Amino acid sequence: MEETNAFSETVIQQLQQALLAWYRAHHRDLPWRREVSAYRTWVSEIMLQQTRVEAVIPYFERFLHVLPTLADLAVADDALLHKLWEGLGYYSRVRNMKKCAEVCVERYGGRLPSSYEELCRLPGIGPYTAGAIASIAGQERVAAVDGNVLRVFSRILANREDIVKEVTKKHYRQYVSAFLPEAADAGDFNQAIMELGAMVCSPNGAPSCAQCPVAAWCRAHAQGTEQEFPVRSAKKARRIEEHTVLVLVDQGRIALQQRPAKGLLAGLHGFAMSDERWERQQVEARYPHARNIVELHPHTHVFSHVEWHMNAFLVEERDPLASYHSLEEIEENMAIPTAFRPFYEAARTWIRMKGATDDTR
DNA sequence: TAAGCGTGGAC
DNA sequence: TGTCCAAGCTT
């Protein structure tokens, strides 16, 4: 492509070797790097989608401990999978992993395929993840373009294409391909760019160009325009929703309902929630025989595309239409998203306090 | 193509 | 504080 034309074959090789040497000397010791397999690489890459390394580490360790092989995942219960993903976000990732595992059992003898083309056709695996698995675990000479790579290469090339656009990502897969070393080193090269993006060529604030092994070939650095890259079109404002959360409790148990199979927090467990704001009078009118109605601290949860502004009431009442669960059952088997966590904690505290006062009565 | 889909860290 | 945005994919 034209953006790489000004880089001679010699410069490309120098940049390659500088990046590989830097990576081999400075990369972090991460759990999925200690032992490499297609399964481990796949699990880590799915978890790392739009998610920070520090957040992923404990989830990765637990997931591999509970489901050490792809065959284990293929037969795992949805409830277990949601529990293993609880708090990590983007829950369709783990449902797609199970679908993918099932396909691999049927079609590939219980193993992930190793080629980029086959990986791309599997549920939950797009161009980035396929490139990462194929190059890291399969030694295939293919690019893996994520947000780090877009940022690092936009700076190296001083390229002002809008990285939000799909066509730009396609272009970058071609730009990066021209820089890839031989197949055996492609995985390290891809990881090197990502590691550089995470540790040196950072997204927030000024990048640490003094520590950068490829600063000598970076066009943005030469121009002093590092922070103008990458170019990213503005995202749409979030909409705001008002809700009232009803936490029904009865005899030390808490009512939870499984959310619909489609949409936000699909399939997870949550509380009854109105689609508009209710005040105490409306809750009292709905539960006239409640033994107790306690207003809880309000809470705002910010998702990527919507904000939930929630006020909440704890209602002590046995509602025949609700299903109540013990704390043990909830903690072992039911995944509650972070959005509801503060209300769950409040209910737990209330139950514990009530138990104490009941005991002394 | 653009919107839907979570969460938390950094500034 | 609010804003940005991180190892993206699906529809």
Side-chain angles (χ1 to χ4, degrees), chain A residues 27-28 30-33 40-60 82 85-97 99-100 119-133 135-137 143-152 162-170 172-173 176 187 190-199 201-206 227 230 232-241 259-268 270 300-308 335-342:
Chain A
H27 69 77
R28 289 167 290 179
L30 300 173
W32 45 91
R33 288 178 177 161
R40 291 169 61 86
T41 302
W42 172 50
V43 173
S44 69
E45 291 301 343
I46 300 293
M47 285 186 174
L48 285 163
Q49 288 170 5
Q50 303 288 286
T51 310
R52 290 183 146 67
V53 166
E54 313 81 70
V56 165
I57 290 173
Y59 285 89
F60 177 82
H82 280 147
W85 218 263
E86 183 180 36
L88 199 52
Y90 288 143
Y91 299 93
S92 65
R93 289 184 291 177
V94 73
R95 292 190 293 275
N96 283 331
M97 285 183 80
K99 287 185 203 161
C100 179
L119 287 163
C120 272
R121 291 186 217 117
L122 292 167
I125 300 185
Y128 162 73
T129 304
I133 299 170
S135 65
I136 296 169
V145 174
D146 72 338
N148 287 306
V149 178
L150 291 169
R151 181 174 59 260
V152 170
D162 179 0
I163 65 161
V164 169
K165 303 212 173 295
E166 193 55 40
V167 63
T168 302
K169 295 173 189 172
K170 186 174 158 188
Y172 273 74
R173 288 198 285 276
V176 173
N190 286 331
Q191 292 188 84
I193 306 171
M194 293 189 275
E195 192 80 356
L196 190 74
M199 307 304 293
C201 196
S202 42
N204 295 316
Q227 301 209 61
R232 177 198 299 271
S233 56
K235 54 190 77 160
K236 213 180 75 171
R238 282 188 292 271
R239 77 173 175 278
I240 292 174
E241 296 179 0
R259 295 179 56 80
K262 287 184 184 298
L264 196 52
L265 306 174
L268 278 74
T300 292
H301 190 83
V302 180
F303 298 92
S304 41
H305 61 298
V306 60
E307 286 181 26
W308 282 358
I336 300 175
T338 302
F340 292 123
R341 184 60 54 176

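Residue numbers start from 1 in every chain, and the chains themselves are labelled A, B, ... in the order their sequence lines are given, proteins ahead of strands. It should be emphasised that the depicted structure is a prediction, and the values quoted were computed from it without experimental measurement.
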ask   = Counting any heavy atom closer than 4.0 Å, what does V164(A) reach on the DNA or RNA strands: base, sugar-phosphate only, or nothing?
value = nothing
task = Nearest whole angstrom, please: distance from the P of dC9(C) to the CE of M47(A).
result = 16 Å
Side chain of Y90(A) - closest among dT7(B), dA6(C), dC5(B) = dC5(B)
note = When rounded to whole Å, the CH2 to C1' distance for the pair W85(A) and dG8(C) reads 12 Å
note = DNA chain C nearest-nucleotide lookup for S304(A) and T129(A): closer to the 5′ end is S304(A)
Below 4.0 Å: OP1/OP2 of dA6(C) and any side-chain N or O of R232(A) = yes
message = Does G205(A) reach a base, just sugar-phosphate, or nothing at all? Heavy atoms under 4.0 Å.
response = nothing
query = So what does I125(A) touch, heavy atoms closer than 4.0 Å: a base, only the sugar-phosphate, or nothing?
reply = sugar-phosphate
query = From the list dT7(B), dG6(B), dG9(B), which nucleotide is the closest neighbour of the side chain of T338(A)?
reply = dT7(B)
ask   = Roughly how many Å is it from CG in L48(A) to C1' in dC9(C), rounded to a whole number?
value = 15 Å
ask   = Are L264(A) and H305(A) side-chain neighbours, meaning at least one heavy-atom pair lies under 4.5 Å?
value = yes
remark   = R151(A) and C201(A) have their tightest heavy-atom pair at NE-O, 2.7 Å
inquiry  = With nearest nucleotide decided by heavy atoms, which residue, L30(A) or K99(A), maps closer to the 5′ end of DNA chain C?
reply    = L30(A)
note = Among the nucleotides dG8(C), dC9(C), dT7(B), whichever has the atom closest to the side chain of P127(A) is dC9(C)
ask   = Which nucleotide in the list dT10(C), dT1(B), dT7(B) gets nearest to the side chain of P337(A)?
value = dT7(B)
ask   = CZ/R33(A) to CD1/I136(A) distance, rounded to the nearest 0.5 angstrom?
value = 8.0 Å
task = Quickly work out the R121(A) CZ to dT10(C) P distance and round it to whole Å.
result = 14 Å
note = In whole angstroms, the gap separating P of dG8(B) from CG of L88(A) amounts to 9 Å
inquiry  = By the 4.0 Å heavy-atom rule, please label A144(A) as base, sugar-phosphate, or nothing.
reply    = nothing
Pairwise N/O distances under 3.5 Å, protein to nucleotides 2-4 of chain B:
none

ask   = Is R151(A) touching bases, backbone alone, or none of the nucleic acid, heavy atoms closer than 4.0 Å?
value = sugar-phosphate
request  = With heavy atoms under 4.0 Å as the rule, sort R173(A) into base, sugar-phosphate or nothing.
outcome  = nothing
task = In whole angstrom, give the distance that lies between atom CD of Q191(A) and atom C1' of dA6(C).
result = 17 Å
inquiry  = Between dT3(C) and dG6(B), how far apart are the two P atoms, rounded to whole Å?
reply    = 22 Å
query = Whole-Å distance between dT7(B) P and E307(A) CD?
reply = 14 Å
ask   = So, do Q191(A) and H27(A) sit near enough that their side-chain heavy atoms are less than 4.5 Å apart?
value = no
key: Contact check, side chains of F340(A) and H301(A), non-hydrogen atoms, under 4.5 Å   = no
key: Heavy-atom side-chain contact between W32(A) and E45(A) under 4.5 Å   = no
inquiry  = Restricting to non-hydrogen atoms, name the atom on L122(A) and the atom on C100(A) that form the minimum distance, rounded to 0.1 Å.
reply    = CB-SG, 3.8 Å
query = Can you tell if the side chain of L268(A) reaches within under 4.5 Å of the side chain of W85(A), non-hydrogen atoms only?
reply = no
ask   = Looking across every strand, which nucleic acid part, if any, lies under 4.0 Å from G197(A) by heavy atom: base, sugar-phosphate, or nothing?
value = nothing
Residue mapping more 5' on DNA chain B - nearest nucleotide basis, Q50(A) or E166(A) = E166(A)
request  = Describe the nucleic acid contact of V149(A) in one word from base, sugar-phosphate, nothing, applying a heavy-atom distance below 4.0 Å.
outcome  = nothing
task = Identify the heavy atoms of D162(A) and S233(A) that sit nearest to each other, and give their distance.
result = OD2-OG, 2.8 Å
task = Would you kindly give the CZ-to-P distance between R95(A) and dC9(C), to the nearest whole Å?
result = 17 Å
